[in-house]
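The residues of the chain are indexed from 1 along the displayed sequence. Counting convention: from 1, in listed order, for ligands and their atoms alike.
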Amino acid sequence: MTAPLLVCAADVEGRGLPSALRLGVGKVASAVSMTQALIERRPAWVLLFGVCGAYPEGHGPGGRLDVGDVCLVGEDWLGDEGVAVDDGFLPLAQLGLGSVGPFEADAGRTAAAARVLAVPVVRGATVSTCSGTDARSRALASGTGATVETMEGAAVAWACRALGVPWVQLRCVSNRTGRRAAGGWDLPRAVAGVQAALLRLQAADWGNE
Ligand SMILES: O=C(O)c1cccc(C(=O)CC[C@H]2O[C@@H](n3cnc4c(=O)[nH]cnc43)[C@H](O)[C@@H]2O)c1
């Protein structure tokens, strides 16, 4: 039996779960904390859980989740690393300056979790600036093909990949991206949703092979 190292970004996501490591919000905080934890604790695998934004229907190929929906992120991308230009955006990779993904989750554990929970496996985009306007949300969704947006997924994945540690990412939608007033924000519902999913996985003895 190998339990994962449970990690989340914001304190609110891990409320009531003292054993979950708080990495901090955003790419830099989460990558540094994750790397430090991987070196110090040597976990067999990592389970990142938390809330996320969902790109609305019509924004891109994967827009199909809404507030309260739970998902697994099967692959994550750095969505806003690059250069903003007059007619759009040049990703870092296109400039030959580094990888922006995909960062792939542990496929076996992800598929098994999706089966237990009966939820979809989706693509994630990780950003430094959340998509709080419709234009920004549309650009990110169509540029990445992602369904959900977070501020840590690909950063945590990068750290795990560098140290050869498998990872799984479980999220519950707290808001639709785009204009904030229309985002349907419900953080308490999303925190409750992701924690309930976590408990269901633990009860099903998922991932402990
Ligand atoms: O008050 C706000 O405007 C606000 C915007 C984004 C996130 C928050 C949080 O309190 C949660 C932080 C946590 O949630 C993830 N998250 C949630 N929604 C999004 C989103 O639309 N785009 C990117 N990340 C999102 C993120 O991973 C943060 O760690 C408050």
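When side chains are defined from C-beta on, Asp76 does not count as touching Arg123, because their heavy atoms never get closer than 4.5 Å. Side-chain contact between Met34 and Ile39 is absent, with no heavy atoms from C-beta onward closer than 4.5 Å.
Between the NE2 atom in His59 and the OG1 atom in Thr147 there is a gap of 12.5 Å [rounded to 0.5 Å].
Less than 4.0 angstrom separates some heavy atom of Gly53 from each of these atoms of ligand 1: 17 (C), 18 (N), 19 (C), 20 (C), 21 (O), 25 (C). Each of the following atoms of ligand 1 lies closer than 4.0 Å to a heavy atom of Ser174: 17 (C), 18 (N). Proximity to Leu187 (heavy-atom distance under 4.0 Å) selects the following atoms of ligand 1: 10 (O). Interface atoms of ligand 1 facing Ala9, defined by a heavy-atom separation under 4.0 Å, are 29 (O). Set against the non-hydrogen atoms of Thr177, the atoms of ligand 1 under 4.0 Å away are 21 (O). The distance from ligand 1 to the heavy atoms of Arg171 drops below 4.0 Å at these ligand atoms: 27 (O). In the vicinity of Cys130, heavy-atom distances shorter than 4.0 Å reach the ligand 1 atoms 6 (C), 22 (N), 23 (C), 24 (N).
Salt bridge Glu13/Arg22: absent, no basic N to carboxylate O contact under 4.0 Å. Ion pair Asp69/Arg189 not flagged as a salt bridge, since none of the NZ, NE, NH1 or NH2 atoms sits closer than 4.0 Å to an Asp/Glu carboxylate oxygen.
With a 4.0 Å cut-off on non-hydrogen atoms, Asn175 touches ligand 1 through its side chain and not its backbone. At a heavy-atom cutoff of 4.0 Å, ligand 1 is contacted by the backbone of Cys52 but not by its side chain. In Ala10, neither the side chain nor the backbone holds a heavy atom less than 4.0 Å from any atom of ligand 1.
The protein reaches atom 2 (C) of ligand 1 closely, with a heavy atom under 4.0 angstrom from it.
With 3.5 Å as the limit, one finds a donor-acceptor pair spanning the side chains of Lys27 and Ser128. Between the side chains of Ser137 and Thr177, a donor-acceptor pair is found at a separation under 3.5 Å. Side chains of Gln169 and Arg171: a donor-acceptor N/O pair is present below 3.5 angstrom, by distance only.
In this structure, the ring of Phe103 has its center no less than 6.0 angstrom from the ring center of Trp77.
Figure legend: cation-pi geometry between Arg109 and Trp206 absent, as NZ or CZ is not positioned both under 6.0 Å from the six-membered ring centre and within 45° of its axis.
Of all protein heavy atoms, the one lying nearest to atom 6 (C) of ligand 1 is Trp185 CH2, 3.4 Å. Ranking the protein heavy atoms by distance from atom 11 (C) of ligand 1 puts Val51 CG2, 4.1 Å first. Ranking the protein heavy atoms by distance from atom 13 (C) of ligand 1 puts Glu13 OE2, 4.0 Å first.
Here atom 22 (N) of ligand 1 lies nearest to Glu149 when heavy atoms of Glu149, Arg176, Glu152, Lys27 are compared.
Looking at Val127 next to ligand 1, no N or O pair under 3.5 Å apart turns up.
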